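Written out below as structure tokens is the structure these notes cover.
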Amino acid sequence: MHLDELERASRWTTWAALTSLGVFCLAACASGRDATSTATTPEATALAENPAPQLGKSPLPEVVAALTREEKVLLVLGSGMVLDTLPPERQGPVGGRQPMRVPGAAGQTIPVPRLGIPSIVLADGPAGLRIEPKRPETPSESYFCTAFPIATALAASWNPALIEDVGKALGAEVRGYGVDVLLAPALNLHRVPLGGRNFEYYSEDPLLSGKSAAAVVRGVQANGVGTSIKHFAANNEEWNRNVLNVRVDERTLRELYLRGFEIAVREGQPWTVMSSYNRINGTYTSEDPALLTGILREQWGYTGLVMTDWFGGSDVVQQMNAGNDLLMPGTEEQRQKLSAALASGAIAEVVDRNVGRVLELISKTPAFAGAAATAKVDLEAGARVSRAAGAEGMVLLKNERARLPLAKNARLALFGNGSYDTLRGGTGSGNVNASHSVSLAAGLSSAGYAVDGALEQQYQAHIGSERAKQTPPSGLAAFLPVELAPELGLDGAALARSVQASDAAVITLRRSSGEFVDRSREDFEVSSTEKALLGQVSKAFRAARKPVVVVLNVGGVIETASWRDLADAILLAWQPGQEAGHAIADVLSGVVTPSGKLPTTFPLLVDDAVAMKGFPGTVLQPGDDSRPPPFGGAKAAELEYAEHLAVGYRHYQTTGARVAYPFGHGLSYTTFEYGPLELTAGASPERWTLTLGVKNAGKLAGAEVVQLYVSAPAGKLPKPAIELRAFGKTRRLGPGEAEVVSFELGPRELASFDPAAGAWVADAGKYTLRAGASATDIRRTTTLELKSPAQIALR
Ligand code: BGC
């Protein structure tokens, strides 16, 4: 038999075995028990005499050695993606389209029942589990998941313990619905204000990103299911993302774009890492051994699995060599290429290594343990966690004359479509199929406020008629950001009536964004209709001495400077999850005192972000690297990170540029006094402890986030004026109550990456430590003298 035929035969034997055993219902394989015991074929007889090793029972190398070549190939590939528009070569490697065992999951692996290897299921995403909420075979059942606040909102809480609780609740749903690995958290950086997926990411700062992601990982994995920190690395915008070549120097890469991942790996120990679509300095991240093996495994000590992003990269052999163990979602083309490479003997060892990692992952999962999906999840518990996290992530940007909290039982006129159709999250793989979203109107009504009914009717009619004009998107278009209805134009009479009928105005501005496209400059700006709305409402209500509150229901930053004077208070609610209206009402009413702080700077103008200079990048000569669908159509393109470290507050604080709201900013309904910042020797000679008393000096209970910024002495490398090196949050302090916040520091927290030394280096000299309520509101300062330089090895 020709080699090819042999391969095909063994492939079909595997596949026949899979289908005859009802692989994707997996009773046998999920239990991991010997699925061949009932067969009576000669192979079965041979096996009975010399039983095949079984995953989990036999040493791993024996299981790997017992796999056929074709089985190995199938184990490093997913079973394909369920998508009508896929050309044959991009369909799954095992007989085309395989239904997902958990409908709506993004992918699954291919089982090898004879060795007790089950298939495992992988599903998105960062704000909650993304699966299909309905299944044709059980029409009366539903499979909704909790929509939690978007990642940026979680980071805005600056509270890893809370974020870990979100992870726990999210992970319980992952487990309950029979998913083994959650494709989250995502922690690329807010490098540009217009990044289409910024809402899925935490911050412009790698420390806050890394700590937030590590908390999610710990929380989710506490349920015995895995996570996938993504997209590793430098996938900070969507434009031509499948082929984009990011040009970035090593120091910038290490200090900004890898640092968060390093923290998440070291402090979270994720089961998997997802490489990104883009290239870095000419090499696809999924094909880069220096990144996936050198940095990730050898330097950071990572022992888990690396998978590609969906259809990511180009050269499967190079991916295998690099240590990208699993190719998702898995295609027929990849199967053919890998089979050919393996047959030539080229990559036998690395495939065995990668297969070993796939098997190690599988053996940790509920699928392997034979845990049945209960399909019973506690959505009420999820809703409670989502509401609390949503409220804690909100940032009070402005509150003149303490107009917030709103008076109890006040009569409210709600303007803006977002007051009635409040967005819970973003789109694409960051979307969650939740059973509901609580609108702001509903949330305020249930909190006891009287919402102007006539105005509500007008808005509902407008939103309804705009919806009726839209055709629901299908296919890939269903993944794209939704087009939001234009704002309703107000007539003077209706406005005058609502001023009369209400005690305050609340205007909601909203934005939607998601995977595949970056935001436009128009999306950052406040439109002329929105400005007209703000102007009219503000004029009318202020004339009647009634307050005007603006709620921002957004996934990322927008322009605020041109209109903020029209508002007495501005609450940045983000897209706070399915309980949006309740969570916003909790803050507006004062049930929750706001304690969120900006995880990302609100610039005055979009172009104030230096990285906007090259945004989105340059199209290279077309034709050399265009990729086929489904996520293709991309043009070979390049983007230079010419701003180096000048991202976010690192830039604004260094140059003294003005911003609309600085990094770390967020007001409270109470005030806090900071005691002296005291430096003492830490647990070991090279560590220091910093302590600071924080006292609630106001009249309402609340919590404070203390941020520790460090300014390094002048040395060989240029340094940003300040860098966030630690943060802490008090518990909810009653009036007059105090708490001591403490930070641990060592040379690593003072260091910069010196490419010449190939190490993190902290120069000798005087470091200024600044404890503040934001990057510009520094309350206490002290200094620390490093007597001799410290060099921290990479591993
Ligand atoms: C996204 C990933 C996601 C994957 C699976 C890709 O398009 O970039 O974040 O996990 O799809 O849905």
Side-chain angles (χ1 to χ4, degrees), residues 77-83 85-86 90 92 100 102-109 120-132 145 150-151 170 174 179-188 195-202 213 216-217 220 225-244 261 270-278 284-286 305-313 324 326-331 425-433 475-481 513-518 555 627-634:
L77 296 174
S79 80
M81 191 169 187
V82 184
L83 203 64
T85 50
L86 285 180
R90 306 217 107 201
M100 287 292 128
V102 176
Q108 61 198 4
T109 63
I120 62 168
V121 178
L122 306 93
D124 293 304
L129 182 61
R130 186 175 67 87
I131 58 172
E132 279 300 321
C145 299
I150 56 167
L170 167 48
V174 172
V179 172
D180 299 286
V181 177
L182 178 77
L183 303 171
L187 70 155
N188 298 105
R197 298 181 81 175
N198 279 4
F199 74 98
E200 292 187 60
Y201 309 145
Y202 297 101
V216 169
V217 169
V220 171
V225 291
T227 54
S228 195
I229 60 171
K230 67 187 188 184
H231 313 86
F232 188 58
N235 180 185
N236 305 303
E237 62 174 56
E238 291 298 277
W239 183 80
N240 286 314
R241 64 177 184 173
N242 297 57
V243 293
L244 186 68
F261 284 97
W271 289 9
T272 81
V273 170
M274 186 189 292
S275 54
S276 57
Y277 284 126
N278 54 289
Y284 280 109
T285 58
S286 61
L305 170 137
V306 177
M307 73 177 81
T308 57
D309 197 347
W310 268 229
F311 302 98
N324 197 120
L326 177 64
L327 308 182
M328 290 304 293
T331 70
T427 58
S429 56
N431 177 41
V432 182
N433 295 310
L476 266 187
F479 283 90
L480 294 174
S513 60
E515 205 181 336
F516 304 109
V517 278
D518 291 309
R627 305 292 311 283
F631 302 135

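Everything numeric here is computed off the predicted structure, so don't read it as measured data. Both counts, for ligands and for their atoms, begin at 1 and track the order of listing.
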Atoms in ligand 1 flagged as close to Lys230, the criterion being non-hydrogen separation under 4.0 Å: 2 (C), 3 (C), 9 (O), 10 (O)
Enumerated ligand 1 atoms positioned under 4.0 Å from heavy atoms of Arg130: 12 (O)
Closest non-hydrogen atom pair, Trp271 against Asp180: CZ3-O, 4.2 Å
For Arg197, the ligand 1 atoms whose distance to one of its heavy atoms is below 4.0 Å: 1 (C), 2 (C), 8 (O), 9 (O)
Shortest heavy-atom approach to atom 1 (C) of ligand 1 - which of Glu200, Glu515, Met274, Met307: Glu515
Phe516 touching ligand 1 at heavy-atom level, < 4.0 angstrom: no
Single hit among Asn235, Asn188, Thr285 for side chain to side chain donor-acceptor pair (under 3.5 Å) with Ser276: Thr285
Nearest non-hydrogen partners of Ser513 and Phe199, listed with the distance: O-CE2, 3.5 Å
Leu183 neighbourhood, listing ligand 1 atoms whose heavy-atom distance to it stays under 4.0 Å: 10 (O)
For Ala106, atoms of ligand 1 separated by under 4.0 Å from a heavy atom: 5 (C), 12 (O)
Subset of ligand 1 atoms that lie under 4.0 Å from at least one heavy atom of Asp309: 1 (C), 2 (C), 3 (C), 4 (C), 6 (C), 8 (O), 11 (O)
Residues Phe311, Asn242; criterion side-chain contact (heavy atoms from CB on, under 4.5 Å); working and verdict: CA-CA 9 Å; Phe311 302 98; Asn242 297 57; 5.5 Å; no
Derivation of the side-chain contact (heavy atoms from CB on, under 4.5 Å) call for Thr308 and Tyr284: CA-CA 10 Å; Thr308 57; Tyr284 280 109; over 6 Å; no
side-chain contact (heavy atoms from CB on, under 4.5 Å) between Val517 and Glu238, worked out: CA-CA 5 Å; Val517 278; Glu238 291 298 277; 5.6 Å; no
Arg241: numbered ligand 1 atoms lying under 4.0 Å from its heavy atoms: 7 (O), 8 (O)
Worked check of side-chain contact (heavy atoms from CB on, under 4.5 Å) between Leu244 and Tyr277: CA-CA 8 Å; Leu244 186 68; Tyr277 284 126; over 6 Å; no
